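Heads up, the thing below is written out as structure tokens.
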Amino acid sequence: MRRHLLAALSLAAVLTASACGAGGTEPSAAPSPSVDASDWGSVLAQAKGQTVSWHMYGGDDTLNAFVNGYVADRLKTYGVTLNQVKITDTADAINAVLGEKQAGKTTGGSVDAIWVNGENFATGVQAGLWSCGWPSKLPNATYVDLGAPAVANDFGVPVKDCESVWQQADSALVYDSTKLQDADVASVSSLLAWAARHPGHFTYPAPPDFTGSMVVRTILYDTVGGPQSLAGAFDQNAYAPAATRLWSRLNAAEKTLWRRGSTYPQSQDQVEKLYSTGEISAYFTYGPGAVGDQVAKKVFPATTREAVLAGGNIANTSFIGVPANAAHHAAALVLANVLLEPATQLELYRAEGTYPGIDLARVPPDVRAQFAAVPVSPSVLPLERLTANAQPELASGYVTRLEKDWTANVLQK
Amino acid sequence: MNLPRRLRIALLLAPALTVVALFFGAGVVQAAAQSLGYQPYLDGWRWSTDAYVALWNDPAVRASFALTARVSMLSTVLAAVLGVALALLLRRLGRGRRWAAGLLQTDLAVPHLVGALCMLLLLGQSGLLSRLAQGVGMTAAPADFPGLTADGFGVAVIAEYVWKETPFIAVVALGALGRATAELEGAAAVLGARPWQRMRHVTLPLLAPAVLAGSVLVLAFTAGSYEVPLLLGRPYPATLPVVAYQLYRDTDLGSRPEAMAVAVVISALSLAVVAGYVALVARLARRSV
């Protein structure tokens with residue numbers, strides 16, 4: 001018996017020691033990558049033969065086809081194999097890297113690249129997970145307006161050369177034009193008034209869902225007259241009165257939502273399914289370009305249209321982040337560089353109407369002309385309409401706070 | 001090899017125990033440490049029981065206890081009653097019995113995820129039942145059909161668990177209803193016991209240990225499973241495992257200890273259920289001797 005006790009104790013001691021050993025090391029800034037992006041020749045040489053594990057949201061079939069088709073083929077010309085790791089939530093990839101860091105794995109990590117922005121980027125910054133200093137050195141960074149506010153900041157967090165641009169997302173309202181008239185989609189107020197006359201036919205996914213969180217901010221902007229009063233880092237004095245007004249407005253409208261507001265869909269996926277079955281007639285999206293594809297596939301009715309409400313639409317940029325412990329750092333940089341190619345951005349726009357993360361003023365004129373020549377589905381708003389009154393995102397401090405308080409003040413009420 | 005018996009048992013158990021200790025044990029130790037504030041990737045982390053206090057004050061967690069208890073207990077009781085009834089019915093089938101038992105076992109192979117999706121297609125407001133109701137003019141629109149999925153009570157979640165676990169209990173009960181049971185029932189009949197008396201004093205007591213063991217498994221599983229309540233339930237109130245995952249996926253790493261605290265509570269509850277079961281079995285065994 002005593003021997004057993006001894007064995008158990010020594011096992012516990014070993015476990016504790018290893019746990020404390022990991023705890024003893026001070027969290028430090030991410031180590032600089034062993035790969036020097038300014039020497040692009042050596043990056044290409046190192047990347048050759050590597051397989052890059054790219055963790056990205058995998059719920060979009062059209063995008064998956066583009067990634068495993070066009071992007072994978074482009075990477076093959078550099079001798080790089082693409083392994084797309086489909087995830088439902090970017091937080092999963094961040095958690096994987098975090099787990100490795102906790103286990104003391106500073107090299108040879110399983111995640112090479114992550115499609116990321118906003119709070120998840122901020123979480124990575126908080127825990128020092130990112131490899132930095134490479135995006136501005138990519139050869140194709142010349143097509144990016146690195147000084148533009150939407151590129152230099154990610155939901156208010158300075159990017160500081162720790163992630164490379166990929167896409168631009170402009171939100172829009174998607175609706176069935178047989179159910180809603182132009183006047184109904186003119187503003188947030190007219191939309192909510194329509195919902196009051198047609199209870200049960202509008203909803204949004206429960207924040208912290210990425211899109212649901214945007215819908216709440218869209219209504220917030222409308223309530224306080226735009227994002228200006230909430231610009232910059234989180235400020236309790238600016239937030240509190242704005243939030244109070246927002247919650248009372250959302251709670252007043254709740255009874256007119258799907259299921260009379262007693263619950264909310266858990267994901268944007270579920271919301272789009274409700275729209276495709278006709279259970280709801282309008283929803284907000286971050287991907288208005290993909291709607292044309294859904295109409296063409298007859299998943300959505302042909303009478304589907306899009307609108308930008310008065311006060312504008314929230315827009316943001318999404319990026320490619322590379323964890324500091326990535327096993328295939330060089331291949332990840334090649335991936336980020338391929339994604340910035342004007343031809344890749346054009347293909348993506350063609351495939352699913354995703355708006356370019358690069359600055360079209362910096363690409364060759366013939367590519368610019370090709371962008372303009374891409375046919376747009378009658379269901380989809382043209383790029384000029386979507387970008388004309390685009391509104392910035394709030395700092396991630398506001399975003400997380402809004403998500404938490406929405407849960408307490410709307411969902412749990 | 002002439003090893004002492006206890007050493008031989010220990011050696012034979014070692015591989016399985018090592019796996020359990022390493023993956024489950026280490027996971028629980030990690031979760032417990034993180035629930036107490038162990039976050040070496042954050043500057044200024046410190047040991048504290050704040051997460052457990054936060055958990056107690058979190059309305060999402062509080063609402064979750066009632067829902068989790070309701071869903072797991074109702075599912076277990078319904079599955080146990082229906083499973084035993086099904087087994088007793090199948091036993092009377094005679095020839096078709098083997099065929100029916102095989103059918104039951106195909107249900108066991110269906111993953112819960114598939115079961116949940118089937119429930120969604122069957123019970124959802126645009127599901128099969130709703131469309132049938134609309135077809136015969138009982139409802140005018142999908143929204144008129146009662147919300148059985150994403151409902152506050154957990155109807156669809158319970159329905160999925162009962163659908164999936166009833167055959168499990170039935171298979172367990174069929175196994176216990178062997179030849180010996182039939183002989184004892186026959187003896188009771190010869191001694192003048194009426195059908196109900198045979199059931200009450202012979203069949204059910206013989207079935208009890210096996211069905212109880214199966215029910216404990218069902219209870220522990222339904223209280224700790226994640227995918228079914230996520231697909232068929234609400235974001236609030238949600239069952240404990242869903243709440244744990246919501247907190248785990250919170251982009252603010254400050255919520256991580258609370259997520260781990262919920263996980264520790266789930267593990268403790270499961271262990272308590274198993275401990276209660278072991279005690280009960282010991283009592284039953286003493287009584288039957």
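Given the structure is predicted, the values throughout are model-derived calculations rather than measurements. Order of the sequence lines fixes the chain letters, A, B, ..., with proteins taken first and strands second; residue numbering starts at 1 for each chain.
Among the candidates Thr263(A), Thr400(A), Thr123(A), Asn120(A), the residue making the largest number of heavy-atom pairs closer than 4.5 Å to chain B is Thr263(A). The residue among Asp89(A), Asn95(A), Thr407(A) with the most heavy atom pairs within less than 4.5 Å of chain B is Asn95(A). The choice from Thr90(A), Ile94(A), Thr277(A), Leu98(A) that makes the most heavy-atom pairs within less than 4.5 Å of chain B is Leu98(A).
Of the two parts of Phe145(B), neither the backbone nor the side chain holds a non-hydrogen atom closer than 4.5 Å to a non-hydrogen atom of chain A. Both the backbone and the side chain of Ala150(B) come within contact range of chain A, judged by heavy atoms closer than 4.5 Å. Both the backbone and the side chain of Gln412(A) come within less than 4.5 Å of a heavy atom of chain B. For Ala60(B), the parts lying near chain A are the backbone and the side chain together; criterion is any non-hydrogen pair under 4.5 Å. Proximity to chain B (any heavy atom under 4.5 Å) is shown, for Ser262(A), by both the backbone and the side chain. Interface remark: Pro235(B) contributes backbone and side-chain atoms alike to the contact with chain A (heavy atom separation under 4.5 Å). Of the two parts of Ser130(B), neither the backbone nor the side chain holds a non-hydrogen atom closer than 4.5 Å to a non-hydrogen atom of chain A. For chain B, no part of Lys273(A) is nearby; none of its heavy atoms comes within less than 4.5 Å.
Counting only N and O atoms by type, the side chains of Arg234(B) and Gln266(A) include no donor and acceptor under 3.5 Å apart.
Inter-residue side-chain proximity for Thr88(A) and Arg249(B) is flagged as met; some heavy-atom pair is nearer than 4.5 Å. The shortest side-chain heavy-atom distance between Leu274(A) and Gln125(B) does not fall under the 4.5 Å cut-off.
Counting non-hydrogen atoms of neighbouring residues, nucleotides and ligands closer than 6.0 angstrom, the CZ atom of Arg5(B) reaches no more than 12 such neighbours.
With salt bridges taken as basic N to acidic carboxylate O contacts below 4.0 Å, none links Arg259(A) and Asp151(B).
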Could you give the side-chain donor-acceptor pairs of residues 14-23 of chain B under 3.5 Å, partners two or more places apart or in another chain?
from     : atom 1 : to       : atom 2 : distance (Å)
Thr18(B) : OG1    : Ala14(B) : O      : 2.4

Would you check, one step at a time, whether the test side-chain contact (heavy atoms from CB on, under 4.5 Å) holds for Gln102(A) with Gln34(B)?
CA-CA 11 Å; Gln102(A) 241 176 310; Gln34(B) 286 191 36; 2.7 Å; yes
